[in-house]
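Order of the sequence lines fixes the chain letters, A, B, ..., with proteins taken first and strands second; residue numbering starts at 1 for each chain.
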2 protein chains.
Amino acid sequence: MVTMKEIAKQAGVSVSTVSLVLNNRDEGRVKSEIAANVRDIAAELGYKSNPLASSLRTGRTHILGFISEDVATTPYAGGIILGAQRAAQQLGYMLIVVSTDGRDSEAKEIAALQRYGTDGFLYAKMSNRLTGVPAALKDTPLVLVDATDEKGIVPSVEPDEFHIGYDATRRLINAGCQRIAYIGAADPIIAEQGRLEGYRAALAEAGRAFDARLVANVSNNEPALEAVSALFDAERPDGFFCFNDARAWYVYECAARRGLEVGRDISVVGVDNHLVFADTLTPQLTTVELPHFEMGYWSVAKLVSIIENSPLDDVEWPETTAPLPLLNGPMPAKIRCTLIEKESVRS
Amino acid sequence: MVTMKEIAKQAGVSVSTVSLVLNNRDEGRVKSEIAANVRDIAAELGYKSNPLASSLRTGRTHILGFISEDVATTPYAGGIILGAQRAAQQLGYMLIVVSTDGRDSEAKEIAALQRYGTDGFLYAKMSNRLTGVPAALKDTPLVLVDATDEKGIVPSVEPDEFHIGYDATRRLINAGCQRIAYIGAADPIIAEQGRLEGYRAALAEAGRAFDARLVANVSNNEPALEAVSALFDAERPDGFFCFNDARAWYVYECAARRGLEVGRDISVVGVDNHLVFADTLTPQLTTVELPHFEMGYWSVAKLVSIIENSPLDDVEWPETTAPLPLLNGPMPAKIRCTLIEKESVRS
DNA sequence: CTGAAAGCGCTAACAA
DNA sequence: TTGTTAGCGCTTTCAG
């Protein structure tokens, strides 16, 4: 590893000058030719700053901690982490991801991260839950990811749940479905409430009455299949909006057993958690894509803006697939979901 | 953060004495009462070493890099990473996971990690592939995870693919299946070859002829379902060994369409990549569990033993579910897979 | 058995 | 405009 000392020697200047130049603090402090020379030598020698050494002095490690309960075990989280990592890399930070199983390991992991001088934390939960914040994180720069602070204090980045439900239901309406069922989640999470509201709003807008019999709230367990099965037979829906793709699987299974074909006899829209379905396996499923990558990216950008006390505006946005408008016409296609940013309440 | 300096002041000794004691290098160098006193004060004050500061002097950061191509995007990897993280934590290391999409980002990520003074690297691929090793990693302590070095130089930890195929097929034979199909992968990867060999060996051992018509090698794409469907109708197998659970899904779909019930009419064993199936969704699927957690754990333990030049024996093994023996009798159940450790060729 | 002192790579006052 | 110096927290000779 080439150090500033070596560059200083080669350039015939002192280390502090090199430090000034390489940190772009040389404006009006170092003669421009010297600065240029230093930069040249640094480039030539392939100098890479040693962030650990500088952290000792500055107290900034440029390390970010990403904490999630079980997120890292699910593919769902992959995109978020990828996006977070990309943002971190572009902004000159290193992301350390830890997934904690239970309450106890969480505190331990946080402590371990803090020993490494983490500059700030991302805290992620699955499926937009209301959540408390670990005490150890109170006094650190912090952004919640796909979660909402129950006290409304900590800033967060989360999906626009209402529009997920709204867009999905609109799509089914536009596809000509007459009886649209909602296969929801049994847990009291924000995602569930928001999506259900969106479903109702879309129905109302189309002048249709809400019918509670068309709604099944199920968990990820054995009886779920029976519940969906019962709904299938009792109500004979021709459209299904599913809370996630695990729920969509139940619909697929029921359809297969009844000789119904998805895409011809019934239409299904599921929110994509990447939990169950690969695209190739379920070609007829219309998925609402959660912008996981963007969620991760945005979260890190926001965290860094807090840490560096800089505006969020000038972060470079990654090239991303163009948002797909809500189309009339045949299924399937992708529906793009938007994100919400909740500001911190404390100024 | 409480520093050694403070402890030294409180104890009325110098920092170096504190350092000696807290690193357990005090034997015969520091009077035992003083040592005890220092330890007490450290505990009382809740002293945590600052690994970054010590790394400056020692050149060891106790940071490990975990690199994987796309592993982090798939749930498959979750267990590996969890295990790796656990081992790292127990051995006093911090694990930084980066997943690279393509070749270019890989080099960049490695460089970024190396700037943070990574002590060593884990390099993971999915499904046990033969792989080359990035040039930048040549001179670092390195262990391959679920992959095999094509040159046979770098040590690796990987599943025992042969036994996966063997155990799965045995299970189907013992369950009474007469015509056992193998739904394999189309890619030329070690996992595929090994599992197929295991399948053939189990058949041979049972005195059954290998029948190529019962084997379908498919990719994760649309035609796969047709291929499985064709096999279903042409050969009418009553047992299926599937390369992974994505392949098992095709079998489920085909069965559902034909009114066949898995667990009654046909038996299915799939290798568990957690890609498609949650246990609750496919109660009748017998899965060969890949010991992802253990693979991650073992890999890190091995890497650390290389870095610290210490024997692998005294690493504490995590409590793990007892291995399930191969049972005669009814399906379903779990089959446990063992791991192989390949030693480095260079002594 | 213990402490003083140097130094890891870098930054930030302060002098010059 | 540049260099000197001190110090971040820790480890490690080397004297005492």
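- Applying the side-chain contact (heavy atoms from CB on, under 4.5 Å) test to B:R25 and every residue at least two apart in sequence or in another chain returns B:L20, B:N23.
- No donor-acceptor distance shorter than 3.5 angstrom exists from the side chain of B:T118 to the backbone of B:L64, with no hydrogens or angles considered.
- Per the geometry, CG belonging to A:L22 stands 14 Å off P belonging to C:dA12, to the nearest Å.
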Hey, can you pull the donor-acceptor pairs under 3.5 Å for the side chains in residues 32-41 of chain B, sequence neighbours left out?
unit_1	atom_1	unit_2	atom_2	d
B:R39	NH1	B:V21	O	3.2
B:R39	NH1	B:N24	OD1	3.1
B:R39	NH2	B:D26	OD2	2.8

Expected string for nucleotides 1-10 of chain C under the B/S/- scheme (protein heavy atoms, under 4.0 Å, primed atoms plus P, OP1, OP2 as sugar-phosphate) is SBBB-BBBBS

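- For A:R25 and C:dA13, the CZ to C1' distance is 13 Å, given to the nearest whole Å.
- Summarising the geometry, the separation between OH on A:Y116 and C1' on D:dG9 is reported as 14 Å, rounded to the nearest angstrom.
- By the 4.5 Å heavy-atom criterion applied to side chains, B:S299 and B:F66 are not counted as neighbours.
- For the pair A:K125 and A:L144, the minimum side-chain heavy-atom distance is 4.5 Å or more.
- For the pair A:Y116/B:L52, a side-chain contact is recorded, criterion being any heavy-atom separation below 4.5 Å from C-beta on.
- Taking atom CG of B:N24 as the reference point, atom P of D:dT11 lies 11 Å away to the nearest angstrom.
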